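Step one of this worksheet: look at the structure below.
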Amino acid sequence: MAAAVRVEELLAAAAPGEREAPRSVAVEKELELEFDLGNLLALDPNPPPAAGLRGAGPRREAALRALARDNAQLLVAQLWALPAERAGGAAGPLVASLPEPSCRLPREKPPPKPRPPTRWEQFARLKGIRRRKRTSLVWDEQAKEWRRRWGYRRAGGDPARSWLLEVPAGADPEEDQFAKKRQEKRERVARNEFNRLRNLARAHRASTAIPAPPLHPTGHQSRQELGLAARVARVSTASLGRFQPRLPKEPVELPPRGRCSKKRRFEPVLGDLAAERGRQLELLKAMNSKKPALDITRAVNKQLREEDAEAAAAKGKKQKQRGKRGRRQQQRPARGGRKSGARRQQRPAGGNITGGKRKKA
């Protein structure tokens with residue numbers, strides 16, 4: 001058995017190692033530390049003691065702890081010198097306002113890529129158009145109130161909804177100006193929606209797809225660009241350019257394997273009989289090796305259940321018919337005390353009776 005150990009002895013043995021003498025908050029350094037209070041950073045230009053850091057052991061660990069403690073004490077003293085205030089009232093914690101950091105720390109992740117400009121942004125940059133911030137409400141002189149600049153019930157009203165339109169000079173006087181305004185509005189809405197979807201598709205391709213060399217529809221193309229454009233146009237059909245006419249001296253290129261399906265191959269009708277016999281034998285062997293699809297036990301149980309159900313149904317039907325016959329006999333009234341068999345005629349064994357006379361053979 002292990003000897004019993006008293007708790008008091010363990011605490012007394014551990015107390016000298018844990019108990020440390022309180023040290024002063026005043027720390028003296030040969031060279032002053034450089035502080036960046038915005039990042040809570042302290043830089044110590046003083047060389048560390050070489051004698052205490054030699055080797056590896058408790059002496060080196062104690063020297064590093066003492067150095068870290070002194071520098072942290074100097075940093076905390078600088079923080080206490082900052083202006084502070086109580087957060088949440090007199091009983092709240094003391095909060096100090098940190099200055100702007102002087103050291104720029106590196107980013108953990110790369111900066112995000114800028115969003116590709118839209119066609120309108122490219123056009124505005126080319127023409128020098130600057131975006132001006134305008135208010136959403138404008139004064140409407142006709143309605144005498146502030147209305148939206150665009151959209152439903154905007155200032156000035158919708159020209160297509162006005163009750164009177166002026167026929168432009170040189171226009172057909174028989175032309176319906178109201179229908180023309182409505183058609184123009186539908187075209188503007190469709191064009192804006194098309195441009196919006198095209199910008200979304202362009203941004204999606206730029207962010208996900210692999211950038212491909214541009215195919216300019218205008219001039220200034222090299223021979224390689226023209227060849228690339230021709231190959232792209234050729235394989236843009238349903239047959240991947242298989243039936244497209246080729247230019248003179250144009251090399252024949254096979255379509256890539258990843259884009260076309262594998263061609264199905266069928267065995268010849270009249271071929272090697274030995275190979276066909278071998279395939280049939282392998283098929284029969286695979287069919288015999290597997291468990292039969294019909295479960296005999298389950299089929300027999302199902303047949304027995306069906307027979308029991310039919311027998312029970314037939315028995316119930318007979319009992320129901322017997323009950324109906326008994327009720328009919330009880331409900332039938334008696335006829336003048338006559339016997340039921342008084343007027344009955346006995347059928348002879350040799351033939352039928354019709355009208356009281358026997359038929360001749």
Side-chain angles (χ1 to χ4, degrees), residues 112-248 250 255 259:
K113 297 181 180 179
R115 179 181 59 86
T118 60
R119 290 175 62 90
W120 165 249
E121 292 176 351
Q122 295 177 1
F123 177 77
R125 186 181 304 172
L126 180 63
K127 296 296 183 179
I129 302 174
R130 297 182 180 180
R131 185 177 180 180
R132 298 177 182 177
K133 186 176 181 181
R134 298 187 296 179
T135 59
S136 60
L137 298 178
V138 293
W139 178 256
D140 190 359
E141 293 293 342
Q142 299 178 2
K144 303 299 181 182
E145 63 180 2
W146 291 93
R147 288 191 175 183
R148 299 185 185 93
R149 186 181 298 274
W150 302 104
Y152 177 68
R153 290 179 58 85
R154 65 175 182 264
D158 190 357
R161 294 178 177 270
S162 58
W163 66 276
L164 180 63
L165 288 177
E166 182 180 359
V167 179
D172 187 7
E174 301 296 334
E175 185 180 8
D176 190 357
Q177 299 297 328
F178 295 95
K180 184 178 179 181
K181 291 291 184 182
R182 289 192 296 268
Q183 181 65 21
E184 292 177 356
K185 182 177 180 179
R186 284 195 293 267
E187 292 178 357
R188 287 196 306 270
V189 172
R191 184 167 57 253
N192 293 337
E193 182 66 16
F194 175 75
N195 293 335
R196 185 183 71 85
L197 296 178
R198 185 172 57 182
N199 292 335
L200 291 178
R202 184 184 297 107
H204 181 70
R205 288 196 303 268
S207 60
T208 58
I210 300 176
L215 301 177
H216 303 285
T218 58
H220 309 289
Q221 292 108 340
S222 61
R223 184 174 181 179
Q224 290 77 10
E225 292 179 350
L226 291 175
L228 177 61
R231 287 194 298 270
V232 171
R234 179 178 303 280
V235 300
S236 298
T237 59
S239 61
L240 298 179
R242 183 177 180 182
F243 304 102
Q244 297 297 323
R246 298 186 177 276
L247 299 175
E250 183 179 1
R259 297 184 181 179

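As the structure is a computational prediction, the values presented were derived from the model and not from experiment. Sequential numbering from 1 along the given sequence is applied to the chain's residues.
For Glu141, the salt bridge (Lys or Arg N to Asp or Glu O under 4.0 Å) criterion is met by Lys144, not counting sequence neighbours. Residues passing the side-chain hydrogen bond (donor to acceptor under 3.5 Å, both in side chains) test with Asn195, sequence neighbours excluded: Arg198. Scored by the side-chain contact (heavy atoms from CB on, under 4.5 Å) test, Pro245 finds no partners at all (sequence neighbours excluded). Residues passing the side-chain hydrogen bond (donor to acceptor under 3.5 Å, both in side chains) test with Arg125: none are found, sequence neighbours excluded. In this view, Asn192 satisfies the side-chain contact (heavy atoms from CB on, under 4.5 Å) rule with no residue, not counting sequence neighbours. In terms of the side-chain hydrogen bond (donor to acceptor under 3.5 Å, both in side chains) criterion, residue partners of Glu145 (sequence neighbours excluded) are, by chain and number, Arg147. For Asn199, the side-chain hydrogen bond (donor to acceptor under 3.5 Å, both in side chains) partners two or more places apart in sequence, or in a different chain, are Arg202. For Arg196, the salt bridge (Lys or Arg N to Asp or Glu O under 4.0 Å) partners two or more places apart in sequence, or in a different chain, are Glu193. Glu121 pairs by the salt bridge (Lys or Arg N to Asp or Glu O under 4.0 Å) definition with Arg115, not counting sequence neighbours. Among residues two or more places apart in sequence or in another chain, the ring pair (Phe, Tyr, Trp, His ring centres under 6.0 Å) test is passed with Trp139 by Trp146. When the side-chain contact (heavy atoms from CB on, under 4.5 Å) test is applied to Ala190, no partner is found at least two apart in sequence or on another chain.
Residues Gln183 and Arg186 have side chains that bring a donor and an acceptor to within less than 3.5 angstrom of each other.
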Donor-acceptor pairs under 3.5 angstrom involving side-chain atoms of residues 126-133: please list them, not counting sequence neighbours.
none

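When atom types are taken as modelled, the side chain of Arg149 and the backbone of Thr135 share a donor-acceptor pair closer than 3.5 angstrom.
Going from atom CZ of Arg191 over to atom CD of Glu184 covers 9.5 Å, rounded to the nearest 0.5 Å.
Across all non-hydrogen atoms, the minimal contact from Val167 to Gln177 is CG1-NE2, 4.2 Å.
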